[in-house]
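Taking it in order: structure first as structure tokens, then the write-up.
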Amino acid sequence: MVYVLIGAGILVCALLAVLARRLLLSAAWLALTSALVALMTYLLGAPHIAVIELSVGAGLVTVLFVFAINIAGEDITPLKSLVPKPLAVGSIVLAGGLALFLILRAAGVLHLTPLTNPESAILWEERYLDLLLQIVLIFSGVLGVIGLLANGKHTPDVEEQS
Amino acid sequence: MNLPIPLIVLITILCLAGIGLYCLLITRNLIKVVIALQLIVKGAVLAFILAGNMTGQLNLAQSMALTVIVADTIVAVVGLALAVQIRLKTGSLDIKSLSSLKR
């Protein structure tokens with residue numbers, strides 16, 4: 001019952017994040033979605049990811065969204081979508097139904113196994129390459145943001161030089 | 001009706017990814033595009049944790065989900081910075097305004 005309630009809450013918050021006219025409201029609903037996803041992750045037995053999702057997904061990313069929306073401003077004019085909405089809904093329902101069917105057929109009887117693997121050093125010993133990749137990603141992200149947001153020196157155009 | 005917990009989580013994951021894809025298809029606002037990507041990745045993280053729970057390899061799933069969260073945050077940061085720059089350059093957050101960049 002708890003899972004049903006959390007799942008329904010996640011979907012409602014995600015829908016409201018998509019359908020909200022104001023971008024700030026969308027960011028707020030996204031943060032709530034993130035918090036509920038963290039709660040479900042915790043209930044599934046992954047407290048570390050729950051904490052990281054709550055702090056990064058609901059905290060840091062929301063702050064970034066508010067920061068970006070403050071700079072860019074609200075652009076609430078409704079824009080006509082590129083793809084017709086019935087076509088988008090139909091294709092997504094078809095893809096989702098097909099995915100659910102294939103997953104259920106492949107998984108057979110679904111059941112939760114008890115947690116018997118107490119290894120906690122998997123991140124630091126076996127998957128150290130992931131950590132290196134994450135460090136590289138963080139640095140590249142920081143460099144990308146610096147490059148995008150910095151007001152670089154004015155370089156004369158090639159046409160002006162000639 | 002008493003559904004098994006993995007089925008409930010699986011339906012939630014698929015619906016979450018579907019909502020994100022729907023937003024990605026219909027929206028033309030750059031910041032909404034980043035929000036849609038965030039929704040899809042949250043579904044992916046939940047899917048990793050569910051798979052780890054079902055196979056008994058939760059630690060492996062957690063480390064992979066951590067990688068996904070880090071990569072997703074970087075994508076969000078760079079995407080928002082791009083959106084801000086495009087807004088300052090073109091005066092709009094519309095995706096179609098990007099076609100004016102080639103001129």
Side-chain angles (χ1 to χ4, degrees), chain A residues 3-4 7 10-11 14-15 17-18 23 26 30 33-34 37 40-41 44-46 48-49 52-53 56-57 60-61 64-65 68-69 71-73 75 79 81-83 85 88-89 92 96 99-100 103 110-113 115-117 119-120 122-123 127 130 133-134 137-138 141 144-145 148-149, chain B residues 3-12 14-23 25-29 31-32 35-36 38-39 42 45-46 49-50 52-67 69-71 73-74 76-78 80-85 87 92-94:
Chain A
Y3 284 91
V4 175
I10 289 173
L11 297 183
L15 263 180
V18 169
L23 291 175
S26 285
L30 181 70
T33 309
S34 213
V37 167
M40 185 172 264
T41 312
L44 283 172
H48 299 107
I49 294 301
I52 292 169
E53 175 68 32
V56 174
L60 174 67
V61 173
L64 285 172
F65 269 110
I69 293 167
I71 293 178
D75 203 1
L79 299 170
S81 62
L82 296 173
V83 179
K85 286 183 182 176
V89 172
I92 287 168
L100 186 62
I103 291 170
L110 293 169
H111 60 90
L112 284 173
T113 54
L115 304 176
T116 55
N117 191 3
E119 295 172 15
S120 59
I122 211 164
L123 182 64
R127 303 202 58 85
D130 282 0
L133 182 69
Q134 288 171 25
L137 271 175
I138 290 171
V145 170
L148 285 169
L149 292 181
Chain B
L3 290 173
I5 290 172
L7 188 60
I8 296 169
V9 181
L10 186 61
I11 291 172
T12 305
L14 287 176
C15 290
L16 197 56
I19 291 170
L21 278 175
Y22 173 73
C23 182
L25 282 175
I26 65 158
T27 191
R28 280 169 51 184
N29 190 312
I31 293 181
K32 276 281 180 76
I35 288 176
Q38 289 278 313
L39 288 176
K42 285 183 200 327
V45 169
L46 262 181
I49 300 301
L50 177 65
N53 200 331
M54 290 180 67
T55 57
Q57 293 182 323
L58 201 51
N59 290 318
L60 180 64
Q62 286 197 74
S63 70
M64 295 177 108
L66 180 62
T67 308
I69 289 175
V70 171
T73 308
I74 300 301
V77 169
V78 175
L80 288 173
L82 270 172
V84 168
Q85 284 298 315
R87 165 76 173 188
S92 168
L93 284 172
D94 189 1

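Residue numbering restarts at 1 for every chain, and letters A, B, ... go by the order of the sequence lines.
- Only the side chain of B:Ile8 comes within less than 4.5 Å of a heavy atom in chain A; its backbone stays farther off.
- For the options B:Val45, B:Ile35, B:Leu39, heavy-atom pairs under 4.5 Å to chain A are most numerous at B:Ile35.
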Start with the C-alpha gap between B:Leu46 and A:Leu44, add the side-chain angles, then the distance that decides, and say whether side chain to side chain contact (heavy atoms under 4.5 Å, CB included) holds.
CA-CA 9 Å; B:Leu46 262 181; A:Leu44 283 172; 4.2 Å; yes
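- Of all heavy-atom pairs between A:Ala99 and B:Leu14, the closest is CB-CD2, 4.0 Å.
- For A:Ile49 against B:Ala65, the heavy-atom pair with the smallest separation is CD1-CB, 4.0 Å.
- The structure places CG of B:Leu66 at 10.5 Å from NE2 of A:His48, a figure rounded to the nearest 0.5 Å.
- The CG atom of B:Leu10 sits 4.5 Å away from the CD1 atom of A:Ile103 when rounded to the nearest 0.5 Å.
- Within the 4.5 angstrom heavy-atom criterion, atoms from both the backbone and the side chain of A:Ile138 approach chain B.
- Under the side-chain hydrogen bond (donor to acceptor under 3.5 Å, both in side chains) criterion, A:Glu53 pairs with A:Ser34, B:Lys42, sequence neighbours left out.
- Side-chain contact between A:Val89 and B:Leu25: absent, with no pair of heavy atoms (C-beta onward) separated by less than 4.5 Å.
- For the options B:Ile11, B:Val9, B:Thr27, heavy-atom pairs under 4.5 Å to chain A are most numerous at B:Val9.
- Interatomic distance, NZ of B:Lys32 versus CG of A:Leu30, reported as 11.0 Å (0.5 Å rounding).
- Interface residue A:Val56: only side-chain heavy atoms are found under 4.5 Å from chain B.
- Here the shortest heavy-atom pairing between B:Leu58 and A:Ala46 reads CD2-N, 4.3 Å.
- Within the 4.5 Å cutoff, no side-chain heavy atoms of B:Val77 are placed close to those of A:Val61.
- Put simply, CZ on A:Phe65 and CG on B:Leu80 are 5.0 Å apart, with the number rounded to the nearest 0.5 Å.
- B:Leu16 approaches A:Leu11 most closely through the heavy-atom pair N-CD2, 3.7 Å.
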Pair A:Tyr3-B:Thr12, side chain to side chain contact (heavy atoms under 4.5 Å, CB included): steps then yes or no:
CA-CA 10 Å; A:Tyr3 284 91; B:Thr12 305; over 6 Å; no
